[in-house]
Every structure is written in structure tokens, then in C-alpha cells.
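All residue numbers in this chain count up from 1 along the given sequence. Since this is a predicted model, take the numbers as computed values, not measurements.
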Amino acid sequence: MKKAALVLAVIMSCLCFTACDVLGGGNKKRDGEIYVTIAEAGIGVKWLETLALDYEEETGVVVNIYADPNLDSSIVQNMSIQKNLDDLYMTWNTYDWVKWSAQGKVAEITDIFEEEDDNGECLEERMLDEVRSHGIWDEKRYIAPFMYPPMGFVYNADILSSLGYDSFPDTWDSLITLCGDINKAKLTKNGKLVKPFSWGGVTRDLFPLYKSLWGMADPDEFYAFFLQNDTLGPKRELYVNDSMEKALDAIMKLLDAKNGVSANSVEGATGMNNIDAQTAFLNGYSLFCFTGSWFEGEMSSLITDRTFNFEFAPVPKLSGVTETYVLRNVPGEYFMIPSASANVDEAKEFLKFMFREDNLIKIHDHLQTPLAYDYDTTKVKLTDWGRSVINGSTGTSLIAASDAPFYRAGALSGWFRATDPFQTMLQGTVTNIRNDILVPNFERYQRDWANLISSAL
């Protein structure tokens with residue numbers, strides 16, 4: 001099993017590139033070269049650099065790669081003015097691609113996804129059913145989904161074993177019991193009490209956990225929310241219901257908070273981002289942390305062969321739920337070719353190369369996270385973490401998204417508009433979840449509805 005060592009937080013300074021006219025192709029035609037910019041995220045760029053070298057060796061075409069930490073904002077500006085655009089992007093601008101596609105600013109890639117390979121198969125058919133609709137506008141494909149990562153808990157298997165547990169809890173009630181057991185054990189690390197869990201308040205880490213619980217409590221209600229299409233206003237039953245109440249109640253029990261202090265959280269969790277929370281976990285200050293299958297890749301610089309074993313586990317089942325549900329981070333990162341690129345055809349060829357089965361296997365080797373296509377996963381060289389991800393994500397998948405116009409307009413993210421429920425829980429002021437959280441949230445959606453759906457009409 002990969003191990004994680006006690007690590008100290010290291011402040012790294014880096015040069016942040018945001019202007020592709022300085023670094024990239026900038027809409028310029030350069031024979032034998034293409035320019036690719038990706039969001040500087042947890043998965044890094046090594047996997048893509050490896051593919052780029054393979055592509056150059058096979059075709060002679062040089063692939064120049066840039067990682068932009070501010071791509072989510074810089075690409076919006078560059079797509080707006082149609083300048084300084086590279087040939088291919090990997091970004092996560094969930095709600096922008098439809099608008100860009102409708103405006104003719106994104107190159108259609110239907111042709112390469114429907115092109116049959118030597119086995120008579122095409123990429124469109126090999127794409128997983130759950131993600132196929134993402135990227136389709138006006139019955140044409142404009143973006144290429146990339147990963148299919150499960151979300152759940154990473155946990156310290158050594159501490160868990162020392163507490164007498166053979167495996168991570170598979171029910172929410174037993175998870176709460178585990179929290180009590182670790183608090184009673186009063187384990188310490190560097191003079192600090194080891195707490196049950198770490199999470200990033202700044203990055204809203206509890207929100208996808210909430211969606212996991214909401215979805216398993218009632219999948220039909222869950223999916224109905226993301227399929228809303230009533231122009232007259234939101235329906236109360238989709239915002240105030242038992243499944244949402246059960247999910248919020250479960251998180252309130254996990255926080256176990258009074259006066260701003262959670263009995264089960266590491267100190268300072270509300271001011272942490274996801275990297276801070278995962279670092280606290282790797283430093284041994286928490287037993288588990290909510291994350292996704294990208295954890296090992298995202299935290300690779302802090303992971304060594306020492307100290308503790310870590311594994312992936314799905315979110316434990318709520319009372320009355322009999323099967324395992326796994327929230328997938330979909331839609332997530334995707335690939336897109338600007339129509340203003342001077343090298344559209346070359347960028348398409350590189351996309352085809354990247355999504356070839358042998359290269360999907362290589363990408364999975366690097367990232368240890370499932371991809372959004374059908375390929376022979378038995379050929380993937382799994383790490384112990386990667387193996388636990390596969391084993392822990394065999395349940396029913398939950399997708400908190402749809403191809404409905406209101407969702408694509410950004411109106412249906414599911415976030416609470418009236419108040420942050422988790423901050424309210426921490427203050428210990430929630431006495432009735434429906435009245436204190438759900439009803440005010442619904443009323444706020446009612447007031448904002450016309451503005452929220454306006455771009456979809």
C-alpha cells in the first residue's frame with residue numbers, strides 16, 4: 001500500500017501564466033505544432049506531457065503544453081474577444097461551453113467521435129452512458145468529457161485498525177460511532193488530538209458529501225431537481241423534502257457542533273480549502289477526509305513510502321438505504337477546441353490519439369482515476385490506492401447534473417442560496433432543518449427564479 005508521511009506545509013511560489021498570447025499559439029498557424037492549455041488542477045500535467053512525447057514520436061507533431069492556474073477566468077475573457085486562443089483546452093467551465101457553442105465559438109467534434117476505428121467502433125459509442133449527453137448541443141458534439149471520478153472518503157487504515165475496525169463503516173450510524181471511538185481514544189499527533197475528519201470550508205467540501213447523501217436517500221427526487229423546466233417557478237417539493245432533510249441531518253450529526261466548534265472536525269476546518277484538509281489528513285491529524293479518486297495524484301508531492309496506509313471508501317449508507325451509491329464528479333474537466341484556433345484539424349487529431357484505448361489505459365496508469373470511456377481496465381497498472389478506488393466505487397453512480405436547459409444555464413447547481421447550511425450547523429442554531437434551512441432556500445429560489453433561468457430562455 002502506498003504510504004503517507006508526516007509532512008509540513010510548504011509554501012511554494014510559482015509563476016502564474018494567464019496570457020496565452022505570451023505563452024501559447026495565440027491563434028497563429030504553426031506547421032508541425034499545436035498548443036494545449038489545461039487548468040492547473042490536482043491531476044497535474046505529467047500524464048499529458050507523456051502523451052505529447054508519444055504523439056510527437058508517432059506523428060512528428062510537437063504538442064506544447066501550458067498549465068494555467070487561472071484558466072477558468074482567462075478562457076472566458078479570451079473566448080469573449082476571440083483572441084489569444086490556443087488550439088485545445090482542458091477546462092471545467094461547466095456552464096459556459098453551451099453559450100460558446102451556440103455562438104459558433106467552439107469547433108464541432110462530432111466527426112472524430114463518430115469516426116469508426118479498425119474494430120468498427122467509435123468514440124461516441126465507447127463513451128459511458130452517464131456522460132454522453134454532456135457536450136452535445138443542437139444534436140452535435142462540441143466538448144469531450146474526460147474523467148469519471150468517484151467521490152468518497154480517504155481514510156487512515158492504520159488508525160482504523162488500531163481502533164479494532166476491520167473495514168471502514170458502511171452505514172452512517174456506524175460512522176458516527178467511529179467518530180465517538182476516535183474521540184474517546186484521545187490519540188495525538190505532534191501534540192494535537194487526532195480528530196475524526198478534515199474538510200475544506202472554503203471549497204465547500206461538505207456540499208458534494210451532502211449531494212451523495214441526498215441522492216442515496218431518494219434518487220428519483222434527486223434527479224428530478226436537476227431536470228426542472230418550469231418557467232413559472234420552482235416546485236416546493238423539489239426543495240423541501242425528506243431526502244434533503246435526511247442528508248442535512250446526517251451531516252449535522254457528523255459535525256456535532258456547538259458555538260462554532262465541531263466535536264469531530266480538525267481545528268480550523270472552516271478556513272481550509274480542499275488541499276489544506278487533505279494535508280491535515282496526510283499529517284495524521286484526522287482519520288478520514290472527503291475527496292475524490294484524484295486524491296493520490298493531487299497530493300503526490302506529499303506522499304512517500306512512510307507512515308500510514310490510506311484507502312478509498314464510498315459514502316456510508318443512510319438508515320433504510322440498502323445499496324451503495326457513489327457520486328461521480330460529472331461534469332468535470334472537459335476538452336474543447338476553439339473554432340478560432342488556427343490548427344483545428346491538428347487539434348482533432350491529437351484528441352483522437354489521446355482517446356485511443358491504449359492511451360486511455362496510459363492516462364489511467366498516471367492518474368489512478370476512472371475515465372469517461374469504455375476501455376480494458378484490467379490492463380491498467382493500479383496502485384493500491386487505485387485498486388481501492390475501483391473496489392470502492394462499484395455501487396450505483398449518482399450524477400448531479402442533466403442536459404436540461406435550466407441546469408446548463410447554471411440555475412440548478414443545488415447550492416443553498418439563502419444561507420450556508422453547514423456554517424449555520426456549526427453555530428448550533430439549527431433547531432428544525434426544514435424551517436431553518438430548506439424553506440428559506442426555496443423562498444430564495446422563488447425570488448431569484450426569473451433571473452436564474454433567463455439565459456436558458
- [ ] Quick one: do Val63 and Leu88 satisfy side-chain contact (heavy atoms from CB on, under 4.5 Å)? Show the steps, please.
- [x] CA-CA 10 Å; Val63 180; Leu88 179 64; over 6 Å; no
- [ ] Carefully, step by step, assess Phe310 and Phe295 under the rule ring pair (Phe, Tyr, Trp, His ring centres under 6.0 Å).
- [x] CA-CA 10 Å; Phe310 58 88; Phe295 170 79; 5.5 Å; yes
- [ ] Walk me through it: do Val380 and Tyr375 pass the test side-chain contact (heavy atoms from CB on, under 4.5 Å)?
- [x] CA-CA 10 Å; Val380 176; Tyr375 54 98; 4.1 Å; yes
- [ ] Determine, step by step, whether Lys246 and Asp249 satisfy the salt bridge (charged side-chain N to carboxylate O under 4.0 Å, His left out) criterion, reporting the C-alpha distance in whole Å, the side-chain angles of both residues, the deciding distance to 0.1 Å, and the verdict.
- [x] CA-CA 5 Å; Lys246 288 177 182 177; Asp249 180 65; over 6 Å; no
- [ ] Would you sort out whether Thr37 and Ile75 count as a side-chain contact (heavy atoms from CB on, under 4.5 Å), showing the intermediate values?
- [x] CA-CA 10 Å; Thr37 294; Ile75 194 174; over 6 Å; no
- [ ] Check step by step if side-chain contact (heavy atoms from CB on, under 4.5 Å) holds for Met252 and Ile437.
- [x] CA-CA 12 Å; Met252 191 157 68; Ile437 297 175; over 6 Å; no
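Take Gln368 and apply the side chain to side chain donor-acceptor pair (under 3.5 Å) test, not counting sequence neighbours, and it matches Thr383. The salt bridge (Lys or Arg N to Asp or Glu O under 4.0 Å) search around Lys235 returns none, not counting sequence neighbours. Not counting sequence neighbours, Ser212 has no partner by the side chain to side chain donor-acceptor pair (under 3.5 Å) test. By the ring pair (Phe, Tyr, Trp, His ring centres under 6.0 Å) test, Tyr55 is found to be paired with Phe350, Phe353, residues two or more places apart in sequence or in another chain being considered. Residues satisfying the salt bridge (Lys or Arg N to Asp or Glu O under 4.0 Å) criterion with Asp118, sequence neighbours excluded, are absent altogether. With sequence neighbours excluded, the residues satisfying salt bridge (Lys or Arg N to Asp or Glu O under 4.0 Å) with Arg434 are Asp242, Glu245. Under the ring pair (Phe, Tyr, Trp, His ring centres under 6.0 Å) criterion, Phe168 pairs with Phe153, Tyr155, Phe288, sequence neighbours left out. Judged as a salt bridge (Lys or Arg N to Asp or Glu O under 4.0 Å), and not counting sequence neighbours, Glu114 has no contacts. Not counting sequence neighbours, Asp420 has no partner by the side chain to side chain donor-acceptor pair (under 3.5 Å) test. Here Phe442 pairs with Tyr239 under the ring pair (Phe, Tyr, Trp, His ring centres under 6.0 Å) rule; sequence neighbours left out.
A salt bridge between Arg126 and Glu357 is absent, with no side-chain N of the basic residue lying under 4.0 Å from a carboxylate O of the acidic one. Lys348 and Glu115 are not joined by a salt bridge, as no carboxylate oxygen comes within less than 4.0 angstrom of a charged side-chain nitrogen.
A donor-acceptor pair is defined here as one N or O able to donate and one able to accept, closer than 3.5 Å; such a pair exists between the side chain of Asn441 and the backbone of Arg417. Looking at Asp448, its side chain never comes within 3.5 Å of a backbone N or O of Leu452 through a donor-acceptor pair. Under a 3.5 Å cut-off, the side chain of Trp449 and the backbone N or O of Asp230 do form a donor-acceptor pair. In terms of modelled atom types and a separation under 3.5 Å, the side chain of Ser402 and the main chain of Phe226 share a donor-acceptor contact. Looking at Asn241, its side chain does come within 3.5 Å of a backbone N or O of Glu237 through a donor-acceptor pair. Under a 3.5 Å cut-off, the side chain of Thr279 and the backbone N or O of Ile275 do form a donor-acceptor pair. In terms of modelled atom types and a separation under 3.5 Å, the side chain of Thr203 and the main chain of Asn274 share a donor-acceptor contact. Remark: side-chain polar atoms of Trp92 are not paired, donor with acceptor, to backbone N or O of Pro331 under 3.5 angstrom. Judged purely by atom type and a 3.5 angstrom limit, Arg141 uses its side chain to pair as donor or acceptor with the backbone of Arg132. Listed for the Asp138 side chain is no donor-acceptor partner under 3.5 Å among the backbone atoms of Lys140.
Atom CG of Leu412 is separated from atom CD of Gln228 by 5.0 Å, given to the nearest 0.5 angstrom. To the nearest 0.5 Å, atom CD1 of residue Ile143 and atom NE2 of residue His134 are 9.0 Å apart.
Minimum interatomic distance between Asp276 and Gly271 (heavy atoms only, all atoms of both residues): OD2-O, 4.3 Å. Taking both residues in full, the closest heavy atoms of Trp415 and Pro421 are given as CH2-CD, 4.4 Å, listed atom of the first, atom of the second, then distance. What you find for Tyr445 and Ala411 is that their closest heavy atoms are CE2-O, 3.7 Å. The heavy-atom pair separating Leu318 from Ala217 by the smallest distance is CD1-CB, 4.0 Å. Here the closest non-hydrogen pair linking Ile361 and Lys379 is CG2-O, 3.7 Å. Looking at every heavy atom in both residues, Cys289 comes nearest to Gln278 through SG-CG, 3.9 Å.
Between Phe422 and Phe416, the angle of the ring planes goes over 60°, which puts this pair in the perpendicular group of the 30/60° scheme. Between Tyr66 and Tyr35, the ring planes lie parallel to each other; the angle is under 30°, not in the 30° to 60° tilted range. Relative orientation of the Phe197 and Trp199 rings is parallel, given thresholds of 30° and 60° on the angle between their planes.
Close placement of the Tyr407 and Tyr95 rings is indicated, their centers lying within 6.0 Å of each other. Here Tyr142 and Trp97 keep their ring centres 6.0 angstrom or further from each other. Side-chain rings of Phe225 and Trp214 approach one another, their centers coming within less than 6.0 Å.
For the pair Phe146 and Ile38, the minimum side-chain heavy-atom distance is 4.5 Å or more. In this structure, the side chains of Leu367 and Trp294 stay at 4.5 Å or more apart for every pair of heavy atoms. Contact annotation: the side chain of Leu255 approaches that of Ser265 to within less than 4.5 Å [non-hydrogen atoms, C-beta and beyond]. Taking the side chain as every heavy atom from C-beta outward, Phe406 and Leu227 never approach each other to under 4.5 Å.
No side-chain N or O of Asp436 forms a donor-acceptor pair with one of Thr424 less than 3.5 Å apart. With 3.5 Å as the limit, one finds no donor-acceptor pair spanning the side chains of Asn343 and Ser341.
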Quick one: side chains of residues 46-54, donor-acceptor pairs under 3.5 Å with protein atoms, not counting sequence neighbours, listed by atom name and distance.
| from | atom 1 | to | atom 2 | distance (Å) |
| --- | --- | --- | --- | --- |
| Trp47 | NE1 | Gly44 | O | 3.0 |
| Thr50 | OG1 | Lys46 | O | 3.0 |
| Asp54 | OD2 | Lys362 | NZ | 3.3 |

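By the neighbour-count criterion of 12 heavy atoms within 6.0 Å, atom CD of Glu267 is sparsely surrounded, having that number or fewer from other residues, nucleotides or ligands.
Each of Asp86, Ile109, Asp87 was compared with Ile337 under the side chain to side chain contact (heavy atoms under 4.5 Å, CB included) criterion, and only Ile109 meets it.
Counting only residues at least two apart or on different chains, the side chain to side chain donor-acceptor pair (under 3.5 Å) pairs with a member in residues 390-401 are Tyr148-Ser397, Glu323-Thr396, Arg328-Ser397.
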